[in-house]
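Remarks on the structure that follows.
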2 protein chains.
Amino acid sequence: MLISVKRLTEIMCATIKDVAEEAKVSIATVSLVVNNHGRISQETRKKVLKAIKKLNYLPSRSARRLVSRKTGNIGFILTEEHFLHTEPFYTRIFLGTEFEARAIDHYVLLATISSSYKKGDALPRFISERNVDGIIVAGKVPDALTESISRYKIPVVFIDFSPVIGDYPNVITDNLKGGLLATDHLIQNGHKNIAFVGGEISHPSITERLRGYKLALERAHLNSDGELVMTNDEFLSRQNGYNSAKKLFELQKNITAIFAANDATAFGVMQYLKDNNHKIPDDVSVVGFDDVEADLLIDPPLTTVKVPKLEMGIEAVQLLLTMIKSSNGTAKKIVIPVELKVRGSTKSIN
Amino acid sequence: MLISVKRLTEIMCATIKDVAEEAKVSIATVSLVVNNHGRISQETRKKVLKAIKKLNYLPSRSARRLVSRKTGNIGFILTEEHFLHTEPFYTRIFLGTEFEARAIDHYVLLATISSSYKKGDALPRFISERNVDGIIVAGKVPDALTESISRYKIPVVFIDFSPVIGDYPNVITDNLKGGLLATDHLIQNGHKNIAFVGGEISHPSITERLRGYKLALERAHLNSDGELVMTNDEFLSRQNGYNSAKKLFELQKNITAIFAANDATAFGVMQYLKDNNHKIPDDVSVVGFDDVEADLLIDPPLTTVKVPKLEMGIEAVQLLLTMIKSSNGTAKKIVIPVELKVRGSTKSIN
DNA sequence: GAAAAATGCTTAAACGTTTAACTATTTTGA
DNA sequence: TCAAAATAGTTAAACGTTTAAGCATTTTTC
């Protein structure tokens with residue numbers, strides 16, 4: 001009589017069948033133990049767990065997916081520009097999603113798309129191949145992308161962005177509050193001529209930050225008619241901040257404080273100020289937004305509105321998971337609170 | 001008589017069975033057509049392809065993987081520090097792997113590990129769960145990680161790093177050549193007191209760059225005994241470059257050119273020079289290494305050694321794939337050529 | 001003390017592919 | 001002319017799980 005014995009080398013993985021044999025139970029029992037389903041006696045459970053440990057068993061993802069019709073993957077979409085962005089903003093958000101995905105035993109598939117995505121362009125493969133259970137879109141993306149994605153009936157959560165058309169679940173920062181905090185801080189420090197500098201003005205987040213700025217000025221009965229507002233719709237970059245500051249100072253000389261729409265812009269503004277012999281914060285105070293921690297050699301350290309980036313990623317994954325589970329279409333929105341980090345770039349002039 | 005008809009909604013995916021029914025062939029035939037195997041007549045092939053198109057069929061990855069015992073995934077490991085790094089160096093390499101992986105119909109799973117990984121720490125999940133067919137490790141990682149990974153018999157390719165112990169396949173830049181190019185450029189421009197500034201000196205790539213620097217000096221019969229070499233083993237950062245430049249200039253006043261071990265370091269050096277009223281390139285020329293294209297507002301633009309980052313990622317994936325296919329253990333090494341990009345930060349003093 | 005309910009485990013089908021082995025037909029070769 | 005070879009397709013097992021349904025036991029209920 002010939003018995004075929006499967007030799008388990010270190011390279012091969014033990015299967016549920018091996019565990020069942022080892023524990024002398026059926027494979028169904030093993031499955032029930034592994035998934036904490038069904039009614040299994042303490043005794044049997046122990047036997048099975050022991051066998052699992054002995055054989056170093058791990059369930060096969062492929063097999064699980066095949067039967068559960070879930071992939072266990074989450075797609076993360078980012079424009080290439082944002083991914084390669086100098087300041088680690090979206091990369092930190094990604095790290096947050098990675099972190100939370102691990103906790104719920106999922107994988108995050110990262111895909112970048114062109115910032116100039118237009119109708120008909122190829123979507124990330126994981127969508128057409130249905131290799132994800134849900135999608136996270138971080139940062140501003142073209143409407144065409146949103147439209148293309150929504151044709152596939154896959155749950156989507158947006159982070160730090162909300163498409164203008166349609167109603168989607170998203171996780172955003174409290175931009176209005178941030179704008180208020182930043183501007184109030186400057187007002188409380190005696191500043192009266194406070195400028196706003198920013199790009200991507202069509203981005204809802206930036207609009208909100210500007211709204212916070214204006215609201216704070218109004219409340220303080222300061223001039224808020226916008227003559228100190230220097231905006232455009234270009235990418236929020238250092239270069240952009242530099243150029244905007246230049247324009248601003250060529251028009252207005254008596255500015256004592258600047259609220260920049262984000263840190264990158266603020267760094268550009270600071271560079272302009274340094275190059276033109278305005279001392280920070282003695283001559284001009286600068287406030288940013290985002291709080292991108294990095295080796296940027298910024299002097300003085302920037303007062304800014306801290307955005308909890310990791311947390312945003314975590315929240316997005318949690319939100320997405322409930323959507324995947326319930327296939328609930330209600331567009332829940334999560335607003336993450338912000339806080340002001342006062343550092344060396346602002347100063348009281350009272 | 002009751003016929004159960006599977007209704008294909010837009011949400012459900014057509015399976016190979018649906019295609020087979022539509023084309024009135026067996027599912028094996030469909031599989032053979034899809035995979036270009038076997039002997040199938042033109043006629044049948046056409047029928048099948050038509051049905052595939054009509055039903056918008058895409059093979060299920062889960063099912064494929066289950067039977068092929070391959071995951072179709074590639075793991076990409078990076079230290080958290082490198083991932084969040086200001087200059088988009090490793091992120092660009094990642095993009096290269098993503099690009100090539102797409103071409104060979106694979107997915108890249110990104111995982112970050114702590115820079116202080118030590119024996120016993122958890123490896124990225126995709127390893128223990130065997131959710132990848134091969135692994136790419138980018139940048140310098142602790143030896144403990146290399147050791148832990150190699151216990152799993154999974155193909156590994158290193159990018160921009162080569163573990164000291166063991167013999168692994170890798171893709172590296174021609175660092176020696178780069179060091180030579182950079183230093184020769186300065187020598188040809190009449191510089192005699194050329195300093196080398198860099199961190200991570202235990203990193204083989206940096207050692208090679210330094211070797212290139214020394215070799216070039218020797219060839220030109222210039223002093224190469226190392227008194228103008230300022231190195232440490234800390235992370236290559238702006239801050240590091242700034243501090244090193246400071247130390248250097250406190251000791252030596254007549255330096256006219258600096259070769260920095262990478263661009264980040266060079267930016268730090270430039271910042272120090274600016275802060276201390278050394279004009280670039282009039283007083284001091286600066287050369288970097290890497291060529292990280294980004295919105296960094298660097299003035300003047302940095303002369304540097306260009307490293308083809310995307311290409312490195314591409315090469316690594318190709319190398320990894322041949323290893324996966326052949327399970328060939330020979331540690332192939334690929335050296336990517338570099339070129340000097342002359343920009344505004346260097347000047348002839350002849 | 002018998003019917004009903006609870007407990008503990010097993011059987012077997014299903015998920016969607018790939019592929020070795022097989023069958024049936026047509027073509028080739030001497 | 002007929003065996004051998006080539007061609008074109010099919011059958012069925014296998015991959016490793018999950019889970020509904022089923023089947024013995026044992027316990028509860030009245």
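Computed from heavy atoms alone, side chains included, the values below leave out hydrogens, waters and symmetry copies. Below, read A as the first sequence line, B as the second, and so on, with proteins coming before strands; counting in each chain starts at 1.
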Please check the phosphate of [N] (OP1 and OP2 only) for any side-chain N or O of [X] closer than 4.0 Å.
{"X": "A/T29", "N": "C/dT10", "result": "yes"}
{"X": "B/H37", "N": "C/dT18", "result": "no"}
{"X": "A/R65", "N": "D/dT17", "result": "no"}
{"X": "A/S26", "N": "C/dT10", "result": "yes"}

[X] has an atom [atom1]; how far is it from atom [atom2] of [N], in whole Å?
{"X": "B/E43", "N": "D/dA8", "atom1": "CD", "atom2": "C1'", "result": "11 Å"}
{"X": "A/K70", "N": "D/dT19", "atom1": "NZ", "atom2": "P", "result": "11 Å"}
{"X": "B/R130", "N": "D/dC15", "atom1": "CZ", "atom2": "C1'", "result": "17 Å"}
{"X": "B/N36", "N": "C/dT19", "atom1": "CG", "atom2": "C1'", "result": "16 Å"}
{"X": "B/L55", "N": "C/dG16", "atom1": "CG", "atom2": "P", "result": "14 Å"}
{"X": "A/Q42", "N": "C/dC9", "atom1": "CD", "atom2": "P", "result": "10 Å"}
{"X": "A/R69", "N": "D/dT19", "atom1": "CZ", "atom2": "P", "result": "13 Å"}
{"X": "A/K47", "N": "C/dG8", "atom1": "NZ", "atom2": "P", "result": "13 Å"}

So if I take every side-chain heavy atom of [X] and compare against [options], which nucleotide ends up nearest?
{"X": "A/I16", "options": "D/dT17, C/dC15, C/dT10", "result": "D/dT17"}
{"X": "A/I27", "options": "D/dT17, C/dT10, C/dT7", "result": "D/dT17"}
{"X": "A/R64", "options": "D/dT18, D/dC15, C/dT17", "result": "D/dT18"}
{"X": "A/V67", "options": "D/dT10, D/dT17, C/dT10", "result": "D/dT17"}

At 4.0 Å (heavy atoms only), tell me whether [X] reaches a base, stays on the sugar-phosphate, or touches nothing.
{"X": "B/S41", "result": "sugar-phosphate"}
{"X": "B/R39", "result": "base"}
{"X": "A/I40", "result": "sugar-phosphate"}
{"X": "B/S60", "result": "sugar-phosphate"}

- Item | Along DNA chain C (nearest heavy atom to each residue), the more 5'-positioned of A/L32 and B/S31 | A/L32

- Assign each of B/A28 and A/A63 to its nearest nucleotide of DNA chain C by heavy atoms, then name whichever residue's nucleotide is nearer the 5' end. A/A63

- Taking only Lys NZ, Arg NE, NH1 and NH2, and the carboxylate oxygens of Asp or Glu, determine whether B/D143 and B/K118 approach each other closer than 4.0 Å. no

What's the spacing between [X] [atom1] and [Y] [atom2] if we round to 0.5 Å?
{"X": "A/K119", "Y": "A/E147", "atom1": "NZ", "atom2": "CD", "answer": "6.0 Å"}
{"X": "A/Y107", "Y": "A/D133", "atom1": "OH", "atom2": "CG", "answer": "14.0 Å"}
{"X": "A/L58", "Y": "B/E129", "atom1": "CG", "atom2": "CD", "answer": "6.5 Å"}
{"X": "B/Y90", "Y": "B/H82", "atom1": "OH", "atom2": "NE2", "answer": "4.0 Å"}

- In sequence, state the C-alpha distance, the side-chain angles, and the governing distance for B/Y57 and B/T15, and then conclude on side-chain hydrogen bond (donor to acceptor under 3.5 Å, both in side chains). CA-CA 7 Å; B/Y57 166 73; B/T15 71; over 6 Å; no

